[in-house]
J.: 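Sharing a structure with you now.
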Amino acid sequence: MVKEEKLIEGLRGGEDWAYREVLQHYGPLLMGYAKRLVGDRDEAEEVVQETVVAILQHIERFEGRCSIRSWLFRIVHHKAIDHLRRTARFVKAPEEDPNAEAFDRGGHWKETPAAWGRDPEGQAGARQMLHKIREVIDQLPNNYKEMILLREVYQMNTQEICNVLGITSVHARVLLHRARQALYKLLEETYRGSVGSMD
Amino acid sequence: MDVMRCDAMVRRIDRIVDGEASWSERLGFYFHMAICWRCRRYLRQFRQMRLLVGQIQEEMLPEDFAQVMSRALTLPRDRAEQEFEVDMDGVWIGRPVWIKKR
């Protein structure tokens, strides 16, 4: 991977090698993110194409205040959300804590958290759970899904997430908490009643 | 030291797993863990969930993505339109792009 400054210089100069480098190094990441957001591979390819075009059109505007990775994710994110809005598929989570009803007045669990299986750390258990997690992520509202992907899959820190989504760190922390709780809750719903207790 | 409640444990779980909690927060959190098996289960499964989400693999771009994009971006508009309509059947490229290099 070439140095970021050299890569930006190459992109600004319209050099073939520079955007090939971008596609080679960041393409699969961008494709994965777009695919998870729009839910369809062909549409995700379209989003990535639009992103590549936007890079070439707007590279002059890149001021280097964030990493090129954050900048690329920001573009692909906007393109994907535009795409979802155009096709009326953008779903935003309600402004409430997914765990609002989980506790009694004394702050104790109303219901014991369901166990996720007897051998969740074994290979078969983990494979099965990974499959469930993919399905459940796809069911999340878009603003939760993007938080889970950026933090847990692409391992971005709070500052990078703020750069991608254009939100404050306080907002990012609230969204991340709610997104993780919503993901846990959906996973639990798939397990509750279907698997025996571990304890 | 106040004994943390289960709802407070869940509210603080992000700060704990992200390594942002203070020493006293961690102490209260793990003290609660020692006495609450429900929260221990929750924490164990929460960590497991994060671990597995981190294993979701990236989608790969089609092998010819770079070449096709390269051609699309460098060809003059009329030629690109002609070539991509004929060669790609207007399907793969989605919408033709005619951005010429500066």
Side-chain angles (χ1 to χ4, degrees), chain A residues 13-16 19-20 23-24 27-36 41-46 48-50 52-53 56-57 97 99 102-103 106-109 112-116 120-121 126 129-130 133-134 137 148-149 151-153 155 158 173 176-177 180-181 183-184 187-188 198-199, chain B residues 2-15 17-20 32 36-74 91-102:
Chain A
E15 302 286 345
D16 276 356
Y19 86 84
R20 280 210 181 86
L23 284 180
Q24 196 181 345
L29 296 176
L30 300 177
M31 183 70 186
Y33 186 55
K35 163 78 167 51
R36 290 271 149 218
R41 193 182 164 92
D42 290 341
E43 290 177 61
E45 276 183 26
E46 200 175 320
V48 176
Q49 285 171 40
E50 288 176 12
V52 174
V53 174
L56 291 177
Q57 282 176 325
D97 192 327
N99 273 329
F103 302 97
H108 302 294
W109 294 100
T112 299
W116 291 355
E121 277 150 31
M129 210 175 145
L130 194 56
I133 283 179
R134 282 174 199 272
I137 287 177
I148 294 291
L149 293 172
R151 179 61 146 231
E152 313 289 18
V153 178
Q155 308 282 312
T158 306
R173 285 195 177 93
L176 179 62
H177 174 74
R180 282 169 168 168
Q181 297 306 319
L183 180 62
Y184 187 100
L187 265 175
E188 185 169 56
M198 286 169 73
D199 297 293
Chain B
D2 291 337
V3 176
M4 192 182 282
R5 303 183 338 174
C6 301
D7 57 352
M9 183 288 295
V10 170
R11 278 201 303 275
R12 286 181 200 177
I13 200 165
D14 300 277
R15 290 176 56 76
V17 298
D18 291 336
E20 293 169 350
H32 179 81
C36 181
W37 67 272
R38 290 180 179 87
C39 286
R40 278 202 302 278
R41 176 189 277 179
Y42 186 87
L43 178 64
R44 185 178 65 237
Q45 294 181 163
F46 187 88
R47 284 186 162 143
Q48 192 188 347
M49 173 188 84
R50 291 192 63 220
L51 194 72
L52 287 166
V53 172
Q55 289 174 18
I56 291 176
Q57 285 169 0
E58 300 148 4
E59 295 283 323
M60 296 302 291
L61 283 169
E63 277 180 19
D64 60 347
F65 189 91
Q67 290 91 318
V68 177
M69 282 303 289
S70 172
R71 284 174 60 208
L73 291 164
T74 52
V91 176
W92 186 87
I93 199 74
R95 63 184 69 175
V97 285
W98 303 296
I99 311 297
K100 285 169 75 176
K101 280 202 300 184
R102 284 181 297 274

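Each chain gets a letter, A, B and so on, in the order the sequences are listed, and its residues count up from 1.
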J.: Answer yes or no: is there a side-chain heavy-atom contact under 4.5 Å between Asp18(B) and Leu176(A)?
T.: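 When only atoms from C-beta onward are counted, Leu176(A) and Asp18(B) do touch, with a gap below 4.5 Å.
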J.: Distance from Met49(B) atom CE to Trp116(A) atom CH2, nearest 0.5 Å?
T.: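 The CH2 atom of Trp116(A) is 6.0 Å from CE of Met49(B), to the nearest 0.5 Å.
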J.: CG of Asp14(B) to CZ of Arg173(A): how many Å apart, nearest 0.5 Å?
T.: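 Reported to 0.5 Å precision, the distance equals 10.0 Å.
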J.: Using a cut-off of under 4.5 Å for heavy-atom pairs, which of Leu187(A), Leu30(A), Leu183(A) has the most such pairs with chain B?
T.: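 Of the options given, most contacts go to Leu183(A).
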J.: CD of Glu188(A) to CZ of Phe46(B): how many Å apart, nearest 0.5 Å?
T.: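 The CD atom of Glu188(A) sits 12.5 Å away from the CZ atom of Phe46(B).
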J.: Check whether any side-chain N or O of Gln45(B) sits under 3.5 Å from a backbone N or O of Tyr184(A) as a donor-acceptor pair, and report yes or no.
T.: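 Looks like no, no N/O pair under 3.5 Å.
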J.: By the definition side chain to side chain contact (heavy atoms under 4.5 Å, CB included), identify the one residue from Arg134(A), Glu152(A), Arg151(A) that meets it with Val53(B).
T.: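 When Arg134(A), Glu152(A), Arg151(A) are each tested with Val53(B), the side chain to side chain contact (heavy atoms under 4.5 Å, CB included) holds only for Glu152(A).
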J.: For Ile133(A), which atoms come within 4.5 Å of any heavy atom of chain B: side chain, backbone, both, or neither?
T.: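 Contact with chain B is through the side chain of Ile133(A) alone.
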J.: Report the option among Ile56(B), Asp7(B), Leu51(B) that has the most heavy-atom pairs separated by less than 4.5 Å from atoms of chain A.
T.: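 Most pairs with chain A among the choices: Asp7(B).
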J.: Compare every heavy atom of Arg38(B) with every heavy atom of Pro113(A), then report the nearest pair and how far apart it is.
T.: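 Here Pro113(A) and Arg38(B) meet closest at CG-O, 3.7 Å.
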J.: Of the listed residues (His108(A), Arg41(A), Gln155(A)), which shares the most heavy-atom pairs with chain B below a 4.5 Å separation?
T.: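 That would be Arg41(A).
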J.: Got a sec: does the CD of Glu20(B) have more than 12 other heavy atoms crowding it under 6.0 Å?
T.: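 Atom CD in Glu20(B) is packed in, count exceeds 12.
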J.: Sort Asp42(A) into side chain, backbone, both or neither according to what part of it lies under 4.5 angstrom from a heavy atom of chain B.
T.: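 When you check distances to chain B, no heavy atom of Asp42(A) falls under 4.5 Å.
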J.: Which one of Ile148(A), Leu23(A), Thr112(A) has the most heavy-atom pairs closer than 4.5 Å to chain B?
T.: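 Result: the option with the highest number of such pairs is Thr112(A).
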J.: Side chain, backbone, both or neither: which part of Ile13(B) has a non-hydrogen atom closer than 4.5 Å to chain A?
T.: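 For Ile13(B), side-chain heavy atoms alone lie under 4.5 Å from chain A.
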J.: Specify which of His177(A), Met31(A), Glu43(A) makes the most heavy-atom pairs with chain B at under 4.5 Å.
T.: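 If we count pairs closer than 4.5 Å to chain B, His177(A) comes out on top.
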J.: At a heavy-atom separation under 4.5 Å, does Ile137(A) approach chain B through its side chain, its backbone, both, or neither?
T.: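 Just its side chain gets close to chain B.
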